[in-house]
Amino acid sequence: MHKVDASLNRDLFAENQAIAQGIQDRLHEHDILSFDFMGAIGSGKTLIIEHLIDILPTILPNKRVGVIVGDVMGDDDYQRICKHEVPVVNINTGKECHLDAHLIEHALHKLNLNKIDFLFIENIGNLVCPADFPLGADKRVVTISVTEGDDMVRKHPLIFQLADAIIINKIDLVDIINVDINKIMNDIHHLGEKTVFLTNAQGGKGMKSLLHWLITP
């Protein structure tokens, strides 16, 4: 049987944590608030970020946004964000199922931090790996959609435990797909006190409340 040295994992996580702290310190030096959006593929992370970019000027007219987009391959989400005419960096991880602090550190070199007030980071689409790798963001948000079923929280509790807020998206489809939203909320309740947003990103429902929460230090 192949043996894995647990100390290597500890060193990897410790190194990531140290880099993440350095990232947060650097962003704070530039008065930048940052947000790590985690969640499964198809949960609506990109569309939510797009909405937040568009409505931010209506709340804070002089504030500027930067975005880092993570995908295993391709630049589809990057191209979507580019249409909103904000600075954006695309990261392809290849085989890796998550962004890590080292990748974010390099991505920051491609952004002019003097011209950014808020940084959105869209993580790789899954509910497992990103939980173990903080990126130095001020707030970590995990997004699920009702189309994924009503057992997602209890199947992947760690990422929800670590998140500062949980977004339950596509709530307009609850009746159509016969998902019990109360089961999801009950599973979240068992994790402790959590900030939860019920959204329909396609129609813009819940976006302003989410943005107000994000931009409040």
Side-chain angles (χ1 to χ4, degrees), residues 35-56 59 67-74 76-81 83-84 93 96-99 120-135 137-216:
F35 321 111
D36 178 9
F37 276 74
M38 305 175 289
I41 294 174
S43 59
K45 299 187 300 297
T46 308
L47 184 56
I48 288 172
I49 292 173
E50 287 181 278
H51 273 295
L52 297 176
I53 291 171
D54 286 343
I55 65 176
L56 181 64
I59 298 174
V67 182
I68 296 173
V69 175
D71 272 309
V72 174
M73 293 293 290
D76 297 73
D77 294 340
Y78 166 80
Q79 294 295 341
R80 286 173 59 178
I81 299 297
K83 293 178 182 178
H84 298 267
T93 62
E96 296 300 326
C97 58
H98 59 87
L99 294 177
F120 291 89
I121 302 171
E122 182 180 353
N123 218 312
I124 304 297
N126 76 79
L127 291 172
V128 182
C129 308
D132 291 325
F133 292 87
L135 305 177
D138 292 295
K139 295 180 179 179
R140 304 181 82 188
V141 182
V142 60
T143 304
I144 56 173
S145 72
V146 298
T147 56
E148 299 167 60
D150 51 27
D151 57 358
M152 299 303 291
V153 175
R154 60 181 177 274
K155 282 185 174 180
H156 307 88
L158 181 59
I159 196 167
F160 296 97
Q161 289 172 343
L162 296 175
D164 298 298
I166 299 167
I167 301 171
I168 304 174
N169 193 31
K170 305 183 184 180
I171 58 169
D172 54 310
L173 302 178
V174 166
D175 294 334
I176 297 174
I177 60 177
N178 196 28
V179 165
D180 189 343
I181 195 77
N182 292 321
K183 286 185 178 180
I184 301 175
M185 295 300 293
N186 188 56
D187 288 340
I188 292 173
H189 175 73
H190 285 307
L191 299 177
E193 187 174 345
K194 289 291 179 182
T195 300
V196 180
F197 296 92
L198 302 179
T199 67
N200 167 18
Q202 198 68 45
K205 179 180 175 61
M207 294 297 103
K208 284 192 175 181
S209 296
L210 173 60
L211 181 59
H212 276 292
W213 176 82
L214 286 170
I215 63 179
T216 302

Trainee: Restricting to pairs with a member in residues 179-207, which pass ring-ring contact (aromatic ring centres under 6.0 Å, His included), not counting sequence neighbours?
Mentor: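 For residues 179-207: F197-W213.
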
Trainee: Look up atom CD1 in I48 and atom CD1 in I167, then write down how far apart they are to the nearest 0.5 Å.
Mentor: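 I48 atom CD1 to I167 atom CD1 measures 4.0 Å (nearest 0.5 Å).
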
Trainee: Closest approach of L191 and F160, non-hydrogen atoms and distance?
Mentor: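 Looks like CD1-CB, 3.4 Å.
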
Trainee: How far apart are the closest heavy atoms of F120 and L52, and which atoms are they?
Mentor: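 So the minimum-distance heavy-atom pair works out to CE2-CD1, 3.7 Å.
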
Trainee: Nearest 0.5 Å, please: how far is CD1 in I181 from CD1 in I168?
Mentor: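 Going from the CD1 atom of I168 to the CD1 atom of I181 covers 4.5 Å.
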
Trainee: Can you name the side-chain contact (heavy atoms from CB on, under 4.5 Å) partners of D172, sequence neighbours left out?
Mentor: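 side-chain contact (heavy atoms from CB on, under 4.5 Å) check on D172 returns K170, N200.
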
Trainee: Are any side-chain N or O atoms of H98 and backbone N or O atoms of F133, one a donor and one an acceptor, separated by less than 3.5 Å?
Mentor: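 No; judged by distance alone, with no hydrogens or angles, the pair does not exist.
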
Trainee: As an exercise, state the distance from CZ of F35 to CD of E122, rounded to the nearest 0.5 Å.
Mentor: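 Interatomic distance, F35 CZ to E122 CD, rounded to 0.5 Å: 15.0 Å.
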
Trainee: Going through the checks in order, is the side-chain contact (heavy atoms from CB on, under 4.5 Å) test met by Q202 and L47?
Mentor: CA-CA 7 Å; Q202 198 68 45; L47 184 56; 3.6 Å; yes

Trainee: Grab the two heavy atoms, one from L127 and one from A40, that are nearest each other, plus how far apart they are.
Mentor: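 Nearest heavy atoms, L127 then A40: CD2-N, 3.9 Å.
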
Trainee: Just to verify, what does Q79 make a side-chain contact (heavy atoms from CB on, under 4.5 Å) with, not counting sequence neighbours?
Mentor: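 Checked Q79 against side-chain contact (heavy atoms from CB on, under 4.5 Å); matches are D75.
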
Trainee: Tell me, yes or no, whether the heavy-atom count around Q161 atom CD, taken from other residues, nucleotides or ligands under 6.0 Å, exceeds 12.
Mentor: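 Yes.
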
Trainee: Does the side chain of D77 come within less than 4.5 Å of I49's, by heavy atoms?
Mentor: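 I49 vs D77: side chains apart.
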
Trainee: Supply the atom-to-atom distance I166 CD1 to T143 OG1, rounded to the nearest 0.5 angstrom.
Mentor: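 Reported to 0.5 Å precision, the distance equals 10.0 Å.
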
Trainee: Is there a donor-acceptor contact under 3.5 Å from the side chain of N169 to the main chain of I144?
Mentor: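 A pair under 3.5 Å: no.
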
Trainee: Can you tell me how far apart CG (L211) and NE2 (H51) are? Round to the nearest 0.5 Å.
Mentor: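 Going from CG on L211 over to NE2 on H51, the span is 12.5 Å.
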
Trainee: Test of understanding: with side chain to side chain donor-acceptor pair (under 3.5 Å), list the residues that count as partners of D187, not counting sequence neighbours.
Mentor: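 For D187 the side chain to side chain donor-acceptor pair (under 3.5 Å) partners, ignoring immediate neighbours, are R154.
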
Trainee: Does L99 offer a backbone N or O that forms a donor-acceptor pair with the side chain of N123 under 3.5 Å?
Mentor: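 It does hold such a pair.
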
Trainee: Under the 3.5 angstrom rule, does the side chain of D71 hit a backbone N or O of M73 as a donor-acceptor pair?
Mentor: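 Side chain of D71 to backbone of M73: no pair is present.
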
Trainee: Return the set of residues passing side chain to side chain donor-acceptor pair (under 3.5 Å) with T147 (not counting sequence neighbours), or none when no residue passes.
Mentor: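 For T147 the side chain to side chain donor-acceptor pair (under 3.5 Å) partners, ignoring immediate neighbours, are S145.
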
Trainee: Answer yes or no: is there a donor N or O on one side and an acceptor on the other, between the side chain of S43 and the main chain of G39, under 3.5 Å?
Mentor: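 Looks like no, no N/O pair under 3.5 Å.
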
Trainee: After noting the C-alpha distance and the side-chain angles of D36 and V141, does the key distance pass the side-chain contact (heavy atoms from CB on, under 4.5 Å) rule?
Mentor: CA-CA 6 Å; D36 178 9; V141 182; over 6 Å; no

Trainee: Restricting to side-chain contact (heavy atoms from CB on, under 4.5 Å), what partner residues turn up for I41, sequence neighbours left out?
Mentor: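 Listed in chain order: nothing, the list is empty.
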
Trainee: Name all residues meeting the side-chain contact (heavy atoms from CB on, under 4.5 Å) criterion together with D54; count only those two or more places apart in sequence or in a different chain, and write none if there are none.
Mentor: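 So D54 forms a side-chain contact (heavy atoms from CB on, under 4.5 Å) with H84.
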
Trainee: List in chain and number order the residues that pass ring pair (Phe, Tyr, Trp, His ring centres under 6.0 Å) with H156, two or more places apart in sequence or in another chain; answer none if no residue qualifies.
Mentor: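 With sequence neighbours excluded, H156 shows a ring pair (Phe, Tyr, Trp, His ring centres under 6.0 Å) to no residue whatsoever.
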
Trainee: Using a 3.5 Å distance criterion without hydrogens, assess whether the side chain of D164 forms a donor-acceptor pair with backbone atoms of R140.
Mentor: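 It does hold such a pair.
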
Trainee: Identify which one of N182, I177, D175 satisfies the side-chain contact (heavy atoms from CB on, under 4.5 Å) criterion when paired with V179.
Mentor: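 The option that passes is I177.
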
Trainee: List for me each residue that meets salt bridge (Lys or Arg N to Asp or Glu O under 4.0 Å) alongside E148, sequence neighbours excluded, and say none if there are none.
Mentor: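 With sequence neighbours excluded, E148 shows a salt bridge (Lys or Arg N to Asp or Glu O under 4.0 Å) to no residue whatsoever.
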
Trainee: Check I81 against T46 and note the closest heavy-atom contact, atom names and distance.
Mentor: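 In this case the closest contact between I81 and T46 is CD1-CG2, 4.3 Å.
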
Trainee: Can you list everything that forms a side chain to side chain donor-acceptor pair (under 3.5 Å) with N126? Sequence neighbours excluded, please.
Mentor: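 Applying side chain to side chain donor-acceptor pair (under 3.5 Å) to N126 gives none.
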
Trainee: Working note: I68 + L135, criterion side-chain contact (heavy atoms from CB on, under 4.5 Å); need CA distance, chi angles, decisive distance, verdict.
Mentor: CA-CA 11 Å; I68 296 173; L135 305 177; over 6 Å; no

Trainee: With salt bridge (charged side-chain N to carboxylate O under 4.0 Å, His left out) as the rule and sequence neighbours excluded, what pairs involving residues 189-213 come up?
Mentor: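 Residue pairs passing salt bridge (charged side-chain N to carboxylate O under 4.0 Å, His left out), neighbours aside: none found.
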
Trainee: Which residues pass the side chain to side chain donor-acceptor pair (under 3.5 Å) test with K155, not counting sequence neighbours?
Mentor: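 For K155 the side chain to side chain donor-acceptor pair (under 3.5 Å) partners, ignoring immediate neighbours, are D151.
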
Trainee: Kindly compute the distance separating CD1 (I188) from CE (M152), expressed to the nearest 0.5 Å.
Mentor: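 Answer for the CD1-CE pair, I188 versus M152, is 12.0 Å.
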
